[in-house]
Asks: 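So that we are looking at the same thing, I have put the structure below in structure tokens.
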Amino acid sequence: AENQVINFSPGPAKLPAEVLEQAQKELMNYNNTGVSVMELSHRSADFTKIITRTEDNLRKLLNIPDNYKVLFLQGGGTGQFSAVPLNLLSHKPDLAADYIVTGSWSAKAAQEAQKYGKIHQVVPKPSTYTEIPDSITWNLNPNASYVYYCANETIHGVEFQYIPDTGDVPLVVDMSSNILTRNVDITKFGAIFAGAQKNIGCAGVTLVIIRDDLIGHALPICPIIFDFKVQCGNNSLYNTPPTYSIYIMGLVFEWILARGGVSAMERAAITKSSAVYDLIEDSQGFYVCPLNKDCRSRMNVPVRIGAPNGDEALERKFLEEAEKNRLISLKGHRSVGGLRISLYNAVSVEETQVLVNFMKDFMARHR
Ligand code: PMP
């Protein structure tokens, strides 16, 4: 179509066309109710089916054991920066937590948590977020209530390729930008959270997956809508949940299941990100990714053109030309500069190849 673009946005990000088409088809009359999902009571039979099916499909996709609860909350990833300490700090007497800070999002989470407890940094603060210090150097506190990390730093492109081992201390992870893009063993975590607007839907709903023994320890000052025990006891319906966002998330889960589940998403993520990283490596310094190879994200690839600090005029030209070629939302985060290529599940291998071809062509014309 005339307005067709390829959207490499870091988030809110591309949704599968099939999901949008299904939503469009059902927009005016959902399941013969005569109304849209937006207009259904959150306590109606139809919406109950939507939220139940969405949870069941997530459990299937991630192989979530029965002793883990699934919550659909509001407040975004940022809401969880508060909800996590408010719910989990007091599960041990010291009100202490360890934070592994590897980029802006984990830094923000640690800063927010300081309002509520003793927050300890596990790794020294780096001058740039381009690596994950070796875990043998980590300074973990055995009395911490939990250890927190961000599985994929969306801005800096730092992604853990492994799950940290924290022994008996529960591990809490922000998976906002890589959930359902790689297989993970849920039993390694105390809690997982993820905003929807990158890999799993539209903004407005935040997933929380939490082991049941960690529920019920909220600090008295915890706002009731963030109290995991209250939300869990009410199946995420203590108050009106973000119904339409939950519905869209459900459609995305069905789309992933129909395409082979998380393993298929992971294979595609490896293919897509390898195509981009291989081009960067082969570009002899024209394109530069500043990250250590062992923590390069499959989801968000930060790129500078013209090493080491980027030729800003050339980067602007790249973005302009990309846009003319209908390759959009490739600008790096304002705190990092350069480009950022986001390759979430809805971006196909073919679309990624179109971008890689454009990058090759741009390099040939401008080097
Ligand atoms: N964590 C990560 C990894 C993110 O990428 C973001 C948003 N880009 C957030 C947390 C914050 O999410 P929200 O904007 O939904 O509060």
Side-chain angles (χ1 to χ4, degrees), residues 7-15 71-88 97 99-115 119 129-130 132 146-161 163-164 171-182 184 189 191-209 223 225-226 236 241-242 244-246 248-249 252 269 273 291 295-302 329-336 339-347:
N7 183 4
F8 295 96
S9 170
K14 182 179 195 292
L15 283 163
L71 299 173
F72 302 94
L73 303 182
Q74 304 195 44
T78 308
Q80 290 308 308
F81 296 170
S82 322
V84 163
L86 283 164
N87 279 277
L88 301 182
Y99 276 69
I100 309 170
V101 172
T102 56
S104 316
W105 292 112
S106 44
K108 283 195 167 141
Q111 193 184 2
E112 175 66 12
Q114 268 162 18
K115 292 179 183 169
I119 302 309
Y129 292 119
T130 52
I132 301 173
Y146 60 89
V147 179
Y148 178 104
Y149 78 110
C150 177
N152 183 64
E153 285 284 355
T154 320
I155 293 174
H156 294 90
V158 176
E159 184 174 24
F160 277 80
Q161 305 300 327
I163 299 174
L171 187 58
V172 176
V173 63
D174 174 358
M175 282 194 192
S176 291
S177 49
N178 72 353
I179 192 167
L180 293 174
T181 70
R182 55 168 72 219
V184 287
F189 298 97
I192 298 169
F193 72 84
Q197 66 270 25
K198 295 149 200 322
N199 278 297
I200 51 180
C202 62
V205 60
T206 312
L207 264 186
V208 176
I209 303 167
I225 57 156
F226 279 155
S236 307
Y244 199 75
S245 300
I246 292 169
I248 295 289
M249 186 186 256
V252 172
S273 57
L291 289 147
C295 63
R296 287 185 171 182
S297 173
R298 294 176 185 165
M299 292 295 117
N300 311 96
V301 184
S329 300
L330 287 161
K331 195 172 168 36
H333 189 270
R334 59 190 184 278
S335 66
V336 177
L339 326 173
R340 171 171 43 166
I341 302 165
S342 297
L343 302 170
Y344 300 126
N345 286 343
V347 175

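Counting starts at 1 for both ligands and their atoms, in listed order. Quantities reported herein were computed from a predicted structural model and do not represent experimental measurements. Note: hydrogens, waters and symmetry copies are ignored here, and every other heavy atom, side chains too, is used.
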Asks: If you look at every heavy atom in Ser9 and Tyr344, which pair is closest and at what distance?
Replies: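 Looks like O-CE1, 3.4 Å.
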Asks: What about Lys198: any of its N or O atoms under 3.5 Å from an N or O on ligand 1?
Replies: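 It does: an N or O of Lys198 is found under 3.5 Å from an N or O of ligand 1.
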Asks: Could an N or O of ligand 1 be found under 3.5 Å from any N or O of Gly77, whether backbone or side chain?
Replies: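 It does: an N or O of Gly77 is found under 3.5 Å from an N or O of ligand 1.
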Asks: Quick one: which ligand 1 atoms are inside 4.0 Å of a heavy atom on Asn152?
Replies: 3 (C)
Asks: Show the nearest heavy-atom pair for residues Ser245 and Val205, with the distance to one decimal.
Replies: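 Of all heavy-atom pairs spanning Ser245 and Val205, the closest is CB-CG1, 3.7 Å.
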Asks: Does some non-hydrogen atom of Gln197 fall short of 4.0 Å from ligand 1?
Replies: yes
Asks: Check contact between Gly195 and ligand 1, using heavy atoms of the residue and a distance below 4.0 angstrom.
Replies: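 Gly195: no contact with ligand 1 (<4.0 Å).
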Asks: Does Thr78 approach ligand 1 within less than 4.0 angstrom via side chain, backbone, both or neither, non-hydrogen atoms only?
Replies: both
Asks: Apply the side-chain contact (heavy atoms from CB on, under 4.5 Å) test between Gln80 and each candidate in Leu207, Asp174, Val208, Val172; give the one that qualifies.
Replies: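 Exactly one candidate clears the test, Val208.
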Asks: Which option out of Thr154, Thr206, Ile155 puts a heavy atom nearest to atom 3 (C) of ligand 1?
Replies: Thr154
Asks: Any idea which heavy atoms bring Ala196 and Cys202 closest together, and the distance?
Replies: CB-O, 3.4 Å
Asks: Measure the distance from atom 2 (C) of ligand 1 to every protein heavy atom, then report the residue, atom name and distance (to 0.1 Å) of the closest one.
Replies: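 Ranking protein heavy atoms by distance from atom 2 (C) of ligand 1, first comes Asp174 OD2, 3.4 Å.
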Asks: Calculate, to the nearest 0.5 Å, the distance between atoms NZ and CZ belonging to Lys14 and Phe8 respectively.
Replies: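 Taking NZ in Lys14 and CZ in Phe8, the distance rounds to 9.0 Å.
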Asks: List every atom of ligand 1 that sits less than 4.0 Å from any heavy atom of Cys150, numbering the atoms from 1 in the order shown and giving each element.
Replies: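 Answer, ordered by atom number: 3 (C).
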Asks: With a 6.0 Å cut-off (strictly less than), is the heavy-atom count around CD of Gln114, excluding the residue itself, greater than 12?
Replies: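 Yes, enclosed.
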Asks: Which of the atoms in ligand 1, numbered in the order shown and given with their element, are less than 4.0 Å from a heavy-atom of Gly76?
Replies: 15 (O), 16 (O)
Asks: Do the ring planes of Tyr148 and Tyr99 sit parallel (below 30°), tilted (30 to 60°) or perpendicular (above 60°)?
Replies: parallel
